[in-house]
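Below is one structure, written out as structure tokens, with a few remarks after it.
No hydrogens, no waters, no symmetry mates; every other heavy atom, side chains included, goes into these values. Computed from a prediction, not measured in an experiment: that's the story for all the values here. FYI, the numbering just counts along the sequence from 1.
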Amino acid sequence: MTAKPLQTAAPSVVRPYLPALLLLFVGSGCAALIYEIVWFQMLELIIGSSAVSIGVLLATYMGGMCLGALGLSRYISARQHPLRVYAMIEFGIGALGLIVLFSLPYLGGLYIAVGGPGTMGLVFRAIVCGICLLPPTILMGATLPAISRWIETTPRGVSWLGLLYASNTGGAVVGCILAGFYLLRVHDMTIATLVAVAVNLSVGFVAWLLSRSLPHDATSAEAASARKPLPAGAWPILITTALSGLTALGAEVVWTRILSLMLGATTYTFSLILAAFLLGIGLGSGAGSYLARALNPRTALGWCQLLLVACMAWAAYSLTQALPYWPVNPTLSSSPMFTFQLDLVRCLWVVLPAAILWGASFPLGLAALASGEKDHGRLVGTIYAANTIGAIVGALGVSLVTIAWIGTQQTQRV
């Protein structure tokens, strides 16, 4: 006797649970950024803190996210309940987070014994980064495509995808501040990792409980996920999204370099810059989700890129002509909290306008392609991968090539 497939959850049934998904993605983003801050500090202590190491590390981290986004729709059947797949991914991230915590010191010893200066040392450093970060970041990249299969294929559904992305980014801001200013300051890397693991397990458990009570039509989902060619006019959207990611990470490398000289090259400064950048991404994603329903998404995406030119010029002007001459002296107060508040304002002043536009570009790109793609897992994976590939090129190109070749000022102009 053939088993009867699960019935499709009507939008009226699914919609009440969407706010719960937003909270789950807040937790997921929080855990991901705690891991990232901890792993940056661990690798800084073990394999060095040069700009080359940071560039390779950042590209490896984002490369894993890209592989996860692309691989989910290819290797995970749409017949599986999206919430159950999401729960298993969260459990896997927590387990791999523990493995990285206890295995990384041994890999550091291997690097000291085998690696060395020069090109071979750099290549070995990249391999160590890949061993450490690729497995968990592949799973992190698969979270949004996995859960997107549960969202209805309508303009309102696409806007919910943008809000999920925004909530994930908002959680990342919380995780960044929590790790940089509390967990690593008051406790240590072990406690910080255990907190992130606990968040992953909690999110996975809640998602698993939801999957047991909410239906999923496996048959129609599998039919919708059949491989189809990209819709006509998709490549301009993908290229635009990739260039947006390239300029975002390239500018972030440049701004981090200049702000670190101004504010101090510390973990706190890195956390503040990253938090300001992610806050803008989250705000922009929420705004882009609304604009995707109210405007032509292709036109709005183009305007975002044009306005980014002005925002990057604003950042360059602020870094060189405004911030150094602000009539505020941080040394007038002995309180670190006052200094952190001032540094946060300066980071937001530089980073926030452009970051909002970069954040809006993601949901607008989703909406521009949504009409031709029924599998949201593939849709999200394709847009996410294009954005991430551009980000990898931007991070590596700026940190390894253009700054050394033509300098910071010319790199900003490029």
**Asked** Going through the checks in order, is the side chain to side chain contact (heavy atoms under 4.5 Å, CB included) test met by Asn200 and Tyr35?
**Response** CA-CA 11 Å; Asn200 285 134; Tyr35 287 129; 2.8 Å; yes

**Asked** Going through the checks in order, is the side chain to side chain contact (heavy atoms under 4.5 Å, CB included) test met by Tyr86 and Leu24?
**Response** CA-CA 10 Å; Tyr86 175 66; Leu24 292 181; 4.0 Å; yes

**Item:** Minimum side-chain heavy-atom gap Val254-Met312 below 4.5 Å
**Value:** no

**Val253 backbone acceptor or donor facing Thr256 side chain under 3.5 Å** = no

**Request:** Show the numbers, then the answer: is there a side chain to side chain contact (heavy atoms under 4.5 Å, CB included) between Ile34 and Thr193?
**Result:** CA-CA 7 Å; Ile34 293 175; Thr193 301; over 6 Å; no

**Item:** Heavy-atom closest contact (Ala275 atom, Cys176 atom, distance)
**Value:** N-SG, 3.8 Å

**Prompt:** Between the main-chain N or O of Ile281 and the side-chain N or O of Trp358, is there a donor-acceptor pair closer than 3.5 Å?
**Reply:** no

**Prompt:** Roughly how far, to the nearest 0.5 Å, is the CD1 atom of Ile93 from the CG atom of Leu98?
**Reply:** 12.5 Å

**Prompt:** How close do Val203 and Ser28 get, heavy atom to heavy atom, and via which atoms?
**Reply:** CG2-N, 4.2 Å

**Asked** Can you name the residues that form a side-chain contact (heavy atoms from CB on, under 4.5 Å) with Ala166, not counting sequence neighbours?
**Response** Ser285

**Prompt:** How many angstroms lie between CE in Met189 and CG in Leu101, if you round to the nearest 0.5 Å?
**Reply:** 8.5 Å

**Prompt:** Is there a donor-acceptor pair under 3.5 Å between the side chain of Thr143 and the backbone N or O of Leu139?
**Reply:** no

**Message:** What I'd like to find out is whether the side chain of Val398 reaches to under 4.5 Å of the side chain of Val414, using heavy atoms alone.
**Reply:** no

**Prompt:** What's the shortest heavy-atom distance between Val85 and Ala146, and which atoms?
**Reply:** CG1-CB, 4.1 Å

**Complete:** Those residues at least two apart in sequence (or on a different chain) that pass side-chain hydrogen bond (donor to acceptor under 3.5 Å, both in side chains) with Ser318 are Trp349

**Request:** May I ask you to decide if Arg257's main-chain N or O and Ser260's side chain share a donor-acceptor pair within less than 3.5 Å?
**Result:** no

**Euclidean distance, Leu301 CG relative to Phe362 CZ, rounded to 0.5 Å** = 12.0 Å

**Asked** Under 4.5 Å between any side-chain heavy atoms of Val26 and Asn168, yes or no?
**Response** no

**Prompt:** Taking side chain as C-beta onward, heavy atoms only, is Leu319 less than 4.5 Å from Trp255?
**Reply:** yes

**Complete:** Tightest non-hydrogen contact, residues Gly94 and Val197, listed as O-CG2, 3.5 Å

**Message:** For Gly365 versus Ile383, what's the shortest heavy-atom pair and its separation?
**Reply:** O-CD1, 3.7 Å

**Message:** Quick check: do Gln305 and Leu243 have side-chain heavy atoms less than 4.5 Å from each other?
**Reply:** no

**Prompt:** Can you tell if the side chain of Ile37 reaches within under 4.5 Å of the side chain of Leu274, non-hydrogen atoms only?
**Reply:** yes

**Prompt:** Closest approach of Thr137 and Leu134, non-hydrogen atoms and distance?
**Reply:** OG1-O, 3.1 Å

**Asked** Going from CE on Met140 to CG on Leu33, what distance comes out if it is rounded to the nearest 0.5 angstrom?
**Response** 9.0 Å

**Request:** Check the pair Leu364 / Leu295 against side chain to side chain contact (heavy atoms under 4.5 Å, CB included), numbers first and verdict last.
**Result:** CA-CA 10 Å; Leu364 291 174; Leu295 302 175; over 6 Å; no

**Prompt:** Hey, does Leu272 have a side-chain heavy atom less than 4.5 Å from the side chain of Phe181?
**Reply:** yes

**Asked** Rounded to the nearest 0.5 Å, how far does OG1 of Thr241 lie from CG of Leu246?
**Response** 12.5 Å

**Asked** Do Val351 and Leu279 touch side chain to side chain, with heavy atoms closer than 4.5 Å?
**Response** no

**Prompt:** Quick one: CG on Leu278 to CD on Glu252, what's the gap to the nearest 0.5 Å?
**Reply:** 7.5 Å

**Asked** Taking Ser211 for the side chain and Trp208 for the main chain, is one N or O donor matched with an acceptor at less than 3.5 Å?
**Response** yes

